[in-house]
Amino acid sequence: MVTQSLHSEYMGNMPPFAVITGASRGIGAEYARALAAQGYDLLLVARDQSRLDQLAGGLHQTYSVQVWTETLDLARPNAGSTLYRLAQSHRPHVSLLINNAGFGMYGVFSGMPLASIQDMLQVHIHVTTESTRLFLPDMMNQRLGAIINIASVAGLFPIPYMAEYAATKAFIISFSEAVGMEARESGVTIQVCCPGFTETDFHQTASHRPRHILPPQTPHDVVQTSLNALKSNKTLVTIGWPGVATQWMARFMPKRWLMRLTSRFVRPNSLPSH
Ligand SMILES: NC(=O)c1ccc[n+]([C@@H]2O[C@H](COP(=O)([O-])OP(=O)(O)OC[C@H]3O[C@@H](n4cnc5c(N)ncnc54)[C@H](OP(=O)(O)O)[C@@H]3O)[C@@H](O)[C@H]2O)c1
């Protein structure tokens, strides 16, 4: 079991150490709770310091693990390098990196604010790529560790009215699968976790709650499936039967049909009909 081997083998008696971005709420906070319960020391990163501190205090009290927090806007240039430097300032060896921070946007691409598109490219693509590049070599040298990059089932095919979101998540899937195969013999697991519609603040932040045919997932479902899948070194992880169904549709349905179908569900009602 990967989590046990991280416990027993990692750096002698030192507890395993996980770095989680976007840990102030939602899926990231759930990873923090699950890993603290397994005895991980944690570095929690996001912009909302008070939420991070509240979570960290509770986890330290309940599980007696060390929890550090760092306020960092990952949309800033070179945020991946800053993240690495911050992690190094707490512990030289990271057992588990979770690139979870992210946000959604819905609407017609030609009308999207350019600054928000740039922030999304930075948080989803640059930070994931740069931090994987920076954290991976030490894990490979230790022949131990894992990186979980959070993508989405939205990255399995193009989606009108969330074009940039689906495309950045498609990048994360392709990138993680390729690097995962390169790292396969090194003892390091790269997982790309693809949640479906999950009940978090994500939809409120994106100012739109798309209609869905598949049942919603909970952060608990996502995190338990993801951490369990580390045991089998699986690279692409979806959640439950809705995840399998979406993968199946992405593989076998003609792309135009799929795009037409999904755009009906994600298209904001406020858009004028054509
Ligand atoms: N919920 C879903 O339906 C769903 C489905 C598929 C995939 N996902 C993916 O799951 C991941 C987590 O989302 P969630 O559902 O847990 O949403 P959430 O509750 O809104 O959490 C998003 C997290 O990302 C952090 N974040 C966003 N922008 C940031 C920035 N510029 N710098 C630093 N931190 C930033 C937020 O922290 P601060 O606001 O404190 O900075 C927050 O902790 C995302 O990558 C999302 O794309 C979600």
Side-chain angles (χ1 to χ4, degrees), residues 19-34 42-56 69-80 82-83 86 98-106 115-128 130-131 148-157 159 162 164-173 176 191-212 214-223 225-226 236-240 242-243 246-247 262 265-266:
V19 175
I20 308 172
T21 70
S24 60
R25 62 185 85 220
I27 295 170
E30 187 63 27
Y31 271 113
R33 284 188 278 271
L42 301 171
L43 171 60
L44 308 181
V45 178
R47 291 166 300 181
D48 188 331
Q49 184 72 53
S50 66
R51 270 178 173 267
L52 288 176
D53 286 344
Q54 206 181 351
L55 177 63
T69 62
E70 295 285 359
T71 317
L72 176 62
D73 183 354
L74 294 165
R76 289 307 225 350
N78 298 316
T82 310
L83 177 69
L86 289 170
I98 306 181
N99 279 310
N100 162 76
F103 64 99
M105 295 193 289
Y106 295 90
S116 305
I117 296 170
Q118 288 165 333
D119 284 356
M120 184 175 278
L121 294 175
Q122 172 64 27
V123 176
H124 293 182
I125 294 184
H126 289 260
V127 171
T128 302
E130 290 163 14
S131 64
I148 300 176
N149 292 326
I150 307 300
S152 167
V153 289
L156 296 172
F157 44 87
I159 305 184
M162 52 189 316
E164 62 293 304
Y165 180 80
T168 57
K169 295 298 187 178
F171 174 92
I172 295 173
I173 294 171
S176 305
Q191 179 190 108
V192 58
C193 175
C194 297
F197 183 83
T198 308
E199 290 293 357
T200 65
D201 292 347
F202 178 91
H203 313 284
Q204 201 180 320
T205 307
S207 306
H208 177 54
R209 194 183 163 84
R211 291 180 298 127
H212 273 268
L214 297 170
Q217 296 154 2
T218 64
H220 184 262
D221 297 333
V222 174
V223 167
T225 306
S226 163
L236 180 74
V237 172
T238 55
I239 317 303
T246 315
Q247 262 185 296
T262 49
F265 288 94
V266 301

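Note that ligands are numbered from 1 as they come in the structure, with each ligand's atoms numbered from 1 the same way.
For atom 37 (O) of ligand 1, the nearest non-hydrogen atom of the protein is S24 OG, 3.0 Å. Taking atom 15 (O) of ligand 1 as the reference point, the nearest protein heavy-atom neighbour is T200 OG1, 2.6 Å. The single protein non-hydrogen atom nearest to atom 3 (O) of ligand 1 is T198 N, 2.8 Å, given as residue, atom name and distance. The protein atom (non-hydrogen) at minimum distance from atom 41 (O) of ligand 1 is R47 NE, 2.6 Å. Of all protein heavy atoms, the one lying nearest to atom 45 (O) of ligand 1 is N100 O, 2.7 Å.
For the residues Y165, Y31, F197, the heavy atom positioned nearest atom 46 (C) of ligand 1 is part of Y165.
Checked against side chain to side chain contact (heavy atoms under 4.5 Å, CB included), A34 has the following partners two or more places apart in sequence or in another chain: V223, Q224, L227.
Atoms of ligand 1 found under 4.0 Å from any heavy atom of I27, numbered from 1 in the order shown, are 10 (O), 15 (O), 16 (O). Interface atoms of ligand 1 facing G102, defined by a heavy-atom separation under 4.0 Å, are 22 (C), 24 (O), 27 (C), 44 (C), 45 (O). Residue I150 has at least one heavy-atom neighbour below 4.0 Å for each of these atoms of ligand 1: 9 (C), 10 (O), 11 (C). Under a 4.0 Å criterion applied to the non-hydrogen atoms of A75, ligand 1 contributes the atoms 31 (N). Close approach of ligand 1 to S152 is summarised as follows: ligand atoms under 4.0 Å from at least one heavy atom of the residue are 6 (C), 7 (C). Which parts of ligand 1 touch D201 is read off a 4.0 Å heavy-atom cut-off, strictly below it: atoms 19 (O), 20 (O). When each atom of ligand 1 is checked for a heavy atom of A151 under 4.0 Å away, the hits are 7 (C), 9 (C). Close contacts between ligand 1 and G26 involve ligand atoms 16 (O), 19 (O) [criterion: under 4.0 Å to a heavy atom].
When all heavy atoms of S131 and L83 are compared, the closest pair comes out as CB-CD2, 4.1 Å.
Residues T200 and E30 fail the side-chain proximity criterion, which asks for heavy atoms closer than 4.5 Å. Between Q217 and T198 the shortest side-chain heavy-atom distance falls below 4.5 Å.
The structure places CG of L55 at 8.5 Å from OG of S24, a figure rounded to the nearest 0.5 Å. Distance check, rounded to the nearest 0.5 Å: CG of L72 to CG of L43 gives 9.5 Å. Atoms CD1 and OG, on I150 and S226 in that order, are 5.5 Å from each other to the nearest 0.5 Å. Note that CD of E199 is 10.5 Å distant from CG of D221, once rounded to the nearest 0.5 Å.
With a heavy-atom cut-off of 4.0 Å, K169 touches ligand 1 through its side chain alone. Within the 4.0 Å heavy-atom criterion, the part of L72 lying near ligand 1 is the backbone and not the side chain. At a heavy-atom cutoff of 4.0 Å, ligand 1 is contacted by the backbone of A23 but not by its side chain.
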Query - Worked verdict on V127 versus Q122 for side-chain contact (heavy atoms from CB on, under 4.5 Å) - result: CA-CA 6 Å; V127 171; Q122 172 64 27; 4.0 Å; yes

Report task. Test I117 against M105 for side-chain contact (heavy atoms from CB on, under 4.5 Å), laying out the working first. Result -> CA-CA 9 Å; I117 296 170; M105 295 193 289; 4.1 Å; yes

Query raised in the report: Given the rule in the side-chain contact (heavy atoms from CB on, under 4.5 Å) test, do T238 and T246 qualify, once you have shown the distances and angles that lead to the verdict?
Result: CA-CA 9 Å; T238 55; T246 315; over 6 Å; no

Report task. Go through the steps to decide whether I159 and V266 satisfy the test side-chain contact (heavy atoms from CB on, under 4.5 Å), and finish with yes or no. Result -> CA-CA 8 Å; I159 305 184; V266 301; 3.8 Å; yes

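No donor-acceptor contact under 3.5 angstrom links the side chains of N149 and T128, judged on distance only.
Only one option out of F171, F103, F202 pairs with Y165 in a ring-ring contact (aromatic ring centres under 6.0 Å, His included); it is F202.
Heavy atoms of H203 come nearer than 4.0 angstrom to ligand 1 in at least one pair. A heavy-atom separation below 4.0 Å is not found between P219 and ligand 1. Within the 4.0 Å heavy-atom shell around ligand 1 one does not find Q122. Remark: distances from the non-hydrogen atoms of T21 to ligand 1 are all 4.0 Å or more. Distances from ligand 1 to the non-hydrogen atoms of C194 include no value under 4.0 Å.
Considering backbone and side-chain atoms alike, G22 places an N or O below 3.5 Å from some N or O of ligand 1. Between D73 and ligand 1, at least one N/O pair is under 3.5 Å apart. Note: an N/O pair closer than 3.5 Å links L74 and ligand 1 by distance alone.
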